[in-house]
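Sequential numbering from 1 along the given sequence is applied to the chain's residues. Because only heavy atoms are used, hydrogens play no part in the values below, and waters and symmetry mates are left out as well, while side chains stay in.
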Amino acid sequence: MSFPNADDLELWLVSRLADARGMDAHAIDPRERFHRYGLDSLGAMRLLADLSQRIGRTLPATLVWEYPTPRALAKYLTDDAPTTSSRSSIPPPSLATNAHEPIAIVGMACRFPKASSVDAFWQLLRNGVDAITEVPRDRWDAAAMYDPSGATPGKLNTKWGGFLDRVDQFDPQFFGISPREAVQMDPQQRIMLELTWEALEDAGIPPPSLKESRTGVFVGALFMDHALLQDRAGWEAITSHTSTGGAACIIANRVSYVLGLQGPSLTVDTACSSSIVAVHLACQSLRTGESSVAIAGGVSLMLVPETTMGFTKLNAMSPDGRCRAFDAQGNGYVRSEGAGVVLLKRLSDALRDGDRVYAVIRGSAVNNDGASNGLTAPNPKAQESMLVDAYHAAGLALGDVHYVEAHGTGTPLGDPIEAKALGSIIGAQMHPDRFLHIGSVKTNIGHLEAAA
């Protein structure tokens, strides 16, 4: 027995799903994924077996994954669609050929210490606000763990940092996530979902409009503190959502999944350059045509003291909790948390679409220190080489640069090396009557590490 139209089949699918879950059929939205209502692989195969018998036609086991909502599946099965995949008939994308096309920033969102928006962050910088505070008690007991010498096992030589408010707060149902799964999700996943949505709204792009588009997601992330908290909870706390809730790759993949994006999706870990490398990769993806739109950024949260403890033993922490960028009194850095997202398009596409353009990325470059004087030590020659590559890629004369937002952590080794590289490569090309201004927002908000 076949169904006369898509509406009847949709009602049948909703009814079967409601019966399986013990729910009222009116509570099921046919536009939502089967997965949201608990239909796992075994349940999907049973549903398809029943449906095959009812319509007298063998259905492939993959059908629920190809058409993951009752409405999509009902429409497919009543539209005289072929029973085999037609993906081979999809034309290949038209790839961009301009490897040097400028990339436009058309949307932005951020959450930094004492600044929950881009406008608030700008005001924080204009007003010279110091966003560093003592560690909140809901993170760890900084006073009990404090030892100015940093030599005692289990102690830290700092009790300061830059922190976000209410990182435990999240509206899962807004994103179609069950409360049970949300509990297991790394808050870094949650924040990236929220900021991506905000950045798209800032750009005037309805998030649902990007579904099935070649929109790429590139997220810088480093420390997985939430996974350490999960370990502390013990084996009894492990659920079907634990693995995906704590995996680094899912920070980017979660955004792609919730919005239905089909471009590249990757979490980037290159330590403190993670978010910048994520933007670099996003620009490359746009220039090759691999992505039509790109979401890029970084996220970092401090939920446990272990990482700070490790940096205490490495003598990297500022005892008084400040990043004094390019200051003779620089004595280490202070850890902070936060997240930022930029929405990127090829400049020609942004102008075609009438987008507001905040800024333009003309070029970027990536390299590595290689065999420097220690695993964590910078390499002056590598930094100079990277600067030359970046400005060459941008097509800019070194002498035309006015300002550099630098790494500038306030460490007595890193800052002089960075300043010397900037002076040797950019400063040397400038007119004697001009100055190269350098600075670092870490002075205000601390070092966000993966989101720096």
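One finds no salt bridge joining E290 and R214 here, because no Lys/Arg side-chain nitrogen approaches an Asp/Glu carboxylate oxygen to under 4.0 Å. Under the 4.0 Å criterion applied to side-chain N and carboxylate O atoms, K345 and E101 are not assigned as salt-bridge partners. Ionic pairing of D130 and R322 is present here: one or more N-O contacts between side-chain nitrogen and carboxylate oxygen are shorter than 4.0 angstrom. E306 and R232 are joined by a salt bridge, as a carboxylate oxygen and a charged side-chain nitrogen come within less than 4.0 angstrom of each other. Electrostatic pairing of K442 and E449 does not count as a salt bridge here, judged by no charged N lying under 4.0 Å from a carboxylate O. Using a 4.0 Å cut-off between charged nitrogen and carboxylate oxygen, R324 and D327 do not count as a salt-bridge pair.
Between T443 and S440, the side chains place no donor N or O within less than 3.5 Å of an acceptor N or O (distance only, hydrogens not considered). In this model, no donor atom of one side chain and acceptor atom of the other lie less than 3.5 Å apart for R335 and Y333. Residues D119 and S117 have side chains that never bring a donor and an acceptor to within less than 3.5 angstrom of each other. Checked by atom type, the side-chain pair R362/H100 shows no donor-acceptor distance below 3.5 Å. The closest side-chain donor-acceptor pair between T242 and Q184 falls under 3.5 angstrom.
The neighbour count for F435 CZ, taken as heavy atoms of other residues, nucleotides or ligands under 6.0 Å away, does not exceed 12. No more than 12 heavy atoms of other residues, nucleotides or ligands shown are found within 6.0 angstrom of CZ on R31.
Within the 4.5 Å cutoff, no side-chain heavy atoms of D349 are placed close to those of L286.
Relative ring orientation between F163 and W140 is described as perpendicular, the plane-to-plane angle rising above 60° on a 0-90° scale split at 30° and 60°.
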